[in-house]
Amino acid sequence: MNIKKTSLNNLHIKYGAKLVEFAGYQMPIQYKDGIIQEHKYTRSHSGIFDVSHMGQLFISGGDDLTNDLEKIFPADLKKLKTNQSKYSFLMNNKGGIQDDLIITKTSDGFLIILNAACKYNDYEVIKSKLDNQYKLNLVESLSLIALQGPEAKNVLNKVIPGCDSLKFMNGNNHVYKNEKVYITRSGYTGEDGFEISIKNSDAETFVESLIENGSKLIGLGARDTLRMEAGLCLYGNDLDNDTSPIEANLKWAIPKSRIETEFVGSEVLKNQFQSGVKKLRVGIKPDSKVIARGNTKIYNDKNQEIGKVTSGTFGPSVEHPIAMGYVDNSYSTVNTKIFLEVRGKKIPANICNLPFYKKNYVKGEINV
Amino acid sequence: MSEVKYSKEHEWIKLDGEEATIGITKHATEMLGDIVFAELPEKGSNVDKDGTAGVVESTKAASDVYTPVSGEVIDTNQMIVDDPSKINEDPEESAWFFKLKIKDKSEMDSLMSKEEYEKFAKETSA
C-alpha cells in the first residue's frame, strides 16, 4: 500500500518534523522542539495539529436521515441543533466500540469525524446500515487542522475574524481567502480550541498564517501526551471492538433518552446499564517515577491479576507518570491500591480520578 | 591518561586506570527524544559485558541501557534519576550513568573509537 501524504507534508518537512507512518499516512511525530516543549507550548500558548488523516464523512439526502442515523448511533440526534456537535460511537451488535466519533448537524445533513485507521471501514458499515439510501461523501479534498490552547481563540480570530463567538461543541461556516471553511470549537487536548475543515489547496497558507500569529506546529507525540493528561481515549489503545462505552466509563455520552430505544448494540448497553459491568476504565497514578505503558498487567495486593494498562506515559504538565487502563470493577474505586508489573517488578499505584490535568479557564489545575 | 570508547548500543565508556565511567551518547539521546525516566544498576552489583544495566524512557518508549564491559558497580549518578532531562542536556559529561571497577581491560579492545562510532552512528541512522 502506498503511504499517503496530507496537504501539509511539505510544511512538516520545512519545520523539521520527524515523520512516521500512522494509519497509512506519513505524519509528524514531533518537530525540532521535541514532545515535552510542544506539549507545554500547547498548554501555555497554542499548538497546530495536522489531523487531515482523520475521516470527514458528510451524509445528506432524505427526510428520514436523522431517524435512520439514530438506529446506528446512541446519540440524541433529533435534539441536535444545526451546527451542534456530539461525541458518540459506532458499535457492533455486542456493544463493542468500532470507532469513537464526533457527529455535527449541518444545514443539509450530518458531518461525522472518524478515526484515521477506522474511516474506510466505518464508511462501508454506515453505508450498508443506511441501505444505500443517502449520499455519503468521505471527502479527500478537505484538510483538517486543530488549533488548541489558551491562545487558540486569539490566534484564530486574527486569521478568521469572528470565530471566537463559537460555543464549545458547536460549529459554523466561516470564510478564508474567499473560500468556505467549517470551524468547530472542540479538541483532544483538554484545552480550549478549534478544528478547521479547509480546502487542501488553502491548508498550507492557512497554517503559515497561524504560525505568523504565534502558534507552533505540534506532532502526534505531544497530541498523545496531551490527550492522556486530559483523560481522553485513543481508539485502538483504550477503546476496541470488545469494549463497550459503559466499560470505557463513557456512560455520559449515551443520553438517557436513548437507553430504552433501539440502535446497534442497544440490547447489550441496556443490560449493562441495569446490571453493571465487569471491567471499567480507570485513571492510574504510579507512586514512583516508573512509567507503565499499554499492556502492563495490573495486580491486586494478593498478587491476582485484575486488569491491564491501555495507555501510559510521563505527563509533561503534571510532571508525573500517568496511565489509564481497565480493572475488575470491584477495584475501580478511587484510591484503591494496585500493582503494575513493569520489567518484572510490581510497582505500587493508585486508582485515581480522570482527567489528570484539568483546565479551569483561569489557570491550569493539576489533579495528580 | 583516560581512554574513551563507544559501543554499538550507543554507550560511551571512559576508562581511568581500573575505573570505567559509562553513559549514553548524544546521538542516542537525539534518537530517544526527551528522556523522562532513568533506572540504574545497584551499587555493589556485578554486571556482565553486553548485559542490561539500566533503563531510559522517553515520552514515547522505554529502552534498555547495556554495559559495554563487565565489572562491579562502584557508583551511580543520582542526578539523572532525580532529573532525567539532564541526560538530554549533557549526555557525555555530567549525565554519566554508572561507574564500574573493570574486570577485564581487554574487553575495551572490541569497542569503537570516536571516529569509528561517528561513522557507525551516521550509517545506522541513515
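No hydrogens, no waters, no symmetry mates; every other heavy atom, side chains included, goes into these values. Residue numbers start from 1 in every chain, and the chains themselves are labelled A, B, ... in the order their sequence lines are given, proteins ahead of strands.
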Scan the chain A/chain B interface and emit each donor-acceptor pair under 3.5 angstrom with its distance.
| residue | atom | partner | partner atom | Å |
| --- | --- | --- | --- | --- |
| A/Lys18 | NZ | B/Glu30 | O | 3.4 |
| A/Ile35 | N | B/Asp34 | OD2 | 3.2 |
| A/Ile36 | N | B/Asp34 | OD2 | 2.7 |
| A/Lys289 | NZ | B/Val81 | O | 3.0 |
| A/Lys289 | NZ | B/Asp82 | O | 2.9 |
| A/Arg293 | NE | B/Glu57 | OE1 | 3.0 |
| A/Arg293 | NH1 | B/Thr59 | O | 2.9 |
| A/Arg293 | NH1 | B/Lys60 | O | 3.3 |
| A/Arg293 | NH2 | B/Glu57 | OE1 | 2.6 |
| A/Arg293 | NH2 | B/Ser58 | O | 2.7 |
| A/Thr313 | OG1 | B/Thr59 | O | 2.9 |
| A/Arg343 | NH1 | B/Glu57 | OE2 | 3.1 |
| A/Arg343 | NH2 | B/Glu57 | OE2 | 3.4 |

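- Checked against A/Met228 for a side chain to side chain contact (heavy atoms under 4.5 Å, CB included), the options A/Val318, A/Leu234, A/Ile322 give a single hit: A/Ile322.
- When heavy atoms are compared at a cutoff of 4.5 Å, B/Ala38 does not approach chain A at all.
- Among residues two or more places apart in sequence or in another chain, the side-chain hydrogen bond (donor to acceptor under 3.5 Å, both in side chains) test is passed with A/Tyr188 by none.
- Residues forming a side-chain hydrogen bond (donor to acceptor under 3.5 Å, both in side chains) with A/Asn249 (at least two apart in sequence, or on another chain): none.
- In this structure, the side chain of A/Asn353 does not engage the main chain of A/Gly283 through any donor-acceptor pair within 3.5 Å.
- Using a 3.5 Å distance cut-off with no hydrogens or angles, the side chains of A/Glu151 and A/Ser46 do not pair a donor with an acceptor.
- Residue B/Val81 touches chain A through its backbone alone, counting heavy-atom pairs closer than 4.5 Å.
- Here A/Asn241 pairs with A/Asn92, A/Gln98, A/Tyr235 under the side-chain contact (heavy atoms from CB on, under 4.5 Å) rule; sequence neighbours left out.
- For the residue pair A/Asn350/A/Asn335, the side-chain donor-acceptor check at 3.5 Å is not satisfied.
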